[in-house]
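This is the structure I want to talk about, given as structure tokens.
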Amino acid sequence: MCKDNTLKEEGLKMEKTNNKTILLMLLSSIFWAGAFIGGKLAVEEFPPFSLTFLRFFFASIVIFPVMVKYEKKNWHLKREDYPVMMFLGLVGMVGYHILFFIALKYTSAVNASMIAAINPLLTTILASIFLDEKLGLLRIGAIIIALIGVVITISRGDLSVIQSFSFNRGDIIMIIAVSCWAIYSIVSRRVMGKYSPLILTCYSFILCTIFTFPFALLERPDVFLGNTSILGWSSVLYMAIFPSTIGYLVQQTSIKELGASKTAIFINLVPVFSMLLSVIILREKVSTITIIGGILIVAGVYLTTRLKDSYNLNKLFKTPEKAKQ
């Protein structure tokens with residue numbers, strides 16, 4: 001009887017913990033969606049390098065003590081890993097975020113969030129090509145669905161745009177930005193066995209701050225800082241604290257409590273929340289064709305991350321001679 005009561009109590013505790021984690025992940029999805037709104041507002045007042053520097057300068061200040069507290073004595077990097085970490089900081093943080101902020105100058109927050117949603121899809125493709133990870137035929141089908149959604153989103157459903165390849169430059173820049181993040185995700189796996197995600201993220205933030213600092217100075221902060229508004233600074237601080245730091249920490253907790261696959265599902269909600277926030281805060285107009293494109297992207301990404309099938313895309317890129325070997 002006592003054992004039954006103990007098991008029930010443990011079950012209730014676990015259920016409460018899971019429910020709390022789910023609520024926090026929903027909140028984090030809103031935080032991440034808000035980064036597109038904050039970015040759209042901030043690019044009106046800050047140039048891209050300065051904006052990236054400020055975002056990660058403040059984020060580093062917040063996350064560094066968290067890393068030191070939880071990682072104890074294990075947070076120091078090994079010298080042989082310096083090149084990989086520098087590459088991660090340059091491509092994943094500097095590359096993605098500079099291009100992200102430039103893209104927001106030319107495209108809507110809605111479109112940027114829709115395109116950003118294909119990150120797991122691009123990571124899956126690259127992992128299949130370069131890491132020999134298996135990619136099933138069903139998942140290839142899901143990838144095609146998502147890519148159709150991307151084409152619909154960036155062409156606004158206009159066939160003449162596709163035929164003339166006259167896409168919005170912001171949409172194209174955003175695709176390149178997401179590709180940088182996918183490369184970051186793949187390369188980071190080389191050092192994931194040695195360091196926790198918290199350490200990798202913290203050092204990526206710090207390196208991004210260091211790398212962007214000289215370029216931020218070239219953008220003449222003495223000229224534009226005097227004209228920045230409270231809204232502009234609020235956007236920077238919001239992006240540094242909520243999506244970058246709190247959202248990340250909640251995500252890591254969720255992976256421990258719910259598992260990686262269940263946690264990944266919440267990321268699919270980001271473009272949905274971005275669309276709602278864009279309409280409410282930025283007064284952006286969302287067409288029916290954008291909604292259709294968004295549904296295809298979310299559905300394709302969801303299926304790509306959930307389906308398990310055994311067909312390796314790398315085989316498609318091997319010659320018959322290499323395949324025999």
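Computed from a predicted structure; not experimentally measured.
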Item to check | Trace of the side-chain contact (heavy atoms from CB on, under 4.5 Å) decision for Lys105 with Ile173 | outcome: CA-CA 10 Å; Lys105 279 183 167 290; Ile173 293 169; over 6 Å; no
Next on the checklist: Would you call the rings of Phe53 and Phe213 parallel, tilted or perpendicular, taking 30° and 60° as the class edges?
Outcome noted: tilted
Checklist entry - What pairs with Tyr195 under ring pair (Phe, Tyr, Trp, His ring centres under 6.0 Å), at least two apart in sequence or on another chain? => result none
Checklist entry - Say you draw a straight line from CZ of Phe205 to CD1 of Ile61; how long is it, rounded to the nearest 0.5 Å? => result 13.0 Å
Item to check | Interatomic spacing from OG1 in Thr209 to CZ in Phe64 - rounded to 0.5 Å | outcome: 12.0 Å
Checklist entry - Is there a side-chain contact (heavy atoms from CB on, under 4.5 Å) between Val150 and Met114 once you walk through the steps? => result CA-CA 7 Å; Val150 172; Met114 295 289 184; over 6 Å; no
Item to check | Considering all heavy atoms, the nearest Gly92-His97 contact | outcome: O-ND1, 4.1 Å
Next on the checklist: Quick check against the 3.5 Å criterion: does Arg283 have a side-chain atom that pairs as donor or acceptor with the backbone of Ile280?
Outcome noted: yes
Item to check | Side-chain donor or acceptor of Ser28 paired with backbone N/O of Ile246 under 3.5 Å | outcome: no
Next on the checklist: So for atom CG, which belongs to Leu218, do other residues, nucleotides or ligands contribute more than 12 heavy atoms lying within a distance under 6.0 Å?
Outcome noted: yes
Next on the checklist: If I compare all heavy atoms of Ser108 with all of Leu104, which pair ends up nearest, and what's the gap?
Outcome noted: O-CD2, 4.3 Å
Checklist entry - Should Val272 and Leu296 be regarded as members of a common hydrophobic cluster, given that ILVMFWY residues are connected when their side-chain heavy atoms come within less than 4.5 Å of each other, either directly or indirectly? => result no
Item to check | Spatial distance of atom CG (Leu207) from atom OG1 (Thr212) [nearest 0.5 Å] | outcome: 10.5 Å
Next on the checklist: Looking at Ile37, is its backbone amide N or carbonyl O close enough to the side chain of Tyr238 to form a donor-acceptor pair, meaning the two atoms are under 3.5 Å apart?
Outcome noted: no
Checklist entry - Would Val187 and Val91 satisfy side-chain contact (heavy atoms from CB on, under 4.5 Å), going step by step from the backbone distance to the final call? => result CA-CA 10 Å; Val187 176; Val91 176; over 6 Å; no
Checklist entry - Do Asn111 and Asn168 come within less than 4.5 Å of each other through their side chains, counting heavy atoms only? => result no
Checklist outcome for this item: Distance col, row Leu269:CG vs Trp32:CH2, nearest 0.5 angstrom, shows 10.0 Å
Checklist entry - So which heavy atom on Gly149 is nearest to which on Ile297, and how close? => result C-CG1, 3.6 Å
Item to check | Sidechain-backbone polar pair: Thr228 side chain, Leu225 backbone, donor-acceptor under 3.5 Å | outcome: yes
Checklist entry - For Phe49 and Phe101, what are the C-alpha separation, side-chain angles and deciding distance, and is it a ring-ring contact (aromatic ring centres under 6.0 Å, His included)? => result CA-CA 9 Å; Phe49 279 99; Phe101 289 129; over 10 Å; no
Checklist entry - Just by modelled atom types, is the Ala112 backbone N or O under 3.5 Å from a matching donor or acceptor in the Thr107 side chain? => result no
Checklist entry - Where do Trp233 and Leu54 land on the side-chain contact (heavy atoms from CB on, under 4.5 Å) test, with the steps shown first? => result CA-CA 9 Å; Trp233 281 110; Leu54 290 168; 4.0 Å; yes
Checklist entry - CZ of Phe211: more than 12 outside heavy atoms within 6.0 angstrom? => result yes
Checklist entry - Taking Arg55 as the fixed residue, which of Ser244, Ser50, Ser235 is the one that meets the side-chain hydrogen bond (donor to acceptor under 3.5 Å, both in side chains) rule? => result Ser244
Item to check | Any side-chain heavy-atom pair of Ile281 and Lys40 under 4.5 Å | outcome: no
Next on the checklist: Would you say that Thr52 contacts Phe215 through its side chain, given a criterion of any heavy-atom pair below 4.5 Å between the two side chains?
Outcome noted: no
Checklist entry - Is Val298 reachable from Met174 through a run of hydrophobic residues whose side-chain heavy atoms are each under 4.5 Å from the next? => result no
Next on the checklist: Given 3.5 Å as the limit, does a donor-acceptor pair link the side chain of Glu284 with the main chain of Ala109, or not?
Outcome noted: yes
Next on the checklist: Please tell me whether Ile129 and Leu122 are part of a single hydrophobic cluster in this structure, the criterion being side-chain heavy atoms less than 4.5 Å apart.
Outcome noted: yes
Next on the checklist: Any non-hydrogen side-chain atom of Val178 less than 4.5 Å from a side-chain atom of Ile118?
Outcome noted: yes
Please list every donor-acceptor pair under 3.5 Å in which a side-chain atom of residues 82-90 meets a protein atom from a residue at least two apart or in another chain.
none

Item to check | Spacing of OG belonging to Ser128 relative to CD1 belonging to Ile143, to within rounding of 0.5 Å | outcome: 8.0 Å
Checklist outcome for this item: Scanning both residues in full, the closest heavy-atom pair of Ser29 with Val270 reads O-CG2, 3.9 Å
Next on the checklist: Would you say that Tyr248 contacts Leu198 through its side chain, given a criterion of any heavy-atom pair below 4.5 Å between the two side chains?
Outcome noted: yes
Checklist entry - Closest heavy-atom contact between Glu45 and Asn227? => result OE1-O, 4.3 Å
Next on the checklist: Using every non-hydrogen atom in the two residues, find where Met93 and Cys208 come nearest and quote the distance to one decimal.
Outcome noted: CB-CB, 3.5 Å
Checklist entry - How many angstroms lie between OG in Ser274 and CD1 in Ile30, if you round to the nearest 0.5 Å? => result 10.5 Å
Checklist entry - Under a 4.5 Å cut-off applied to non-hydrogen side-chain atoms, are Leu77 and Tyr203 in contact? => result yes
Checklist entry - Would you say Ser188's side chain and Tyr184's backbone share a donor-acceptor pair under 3.5 angstrom? => result yes
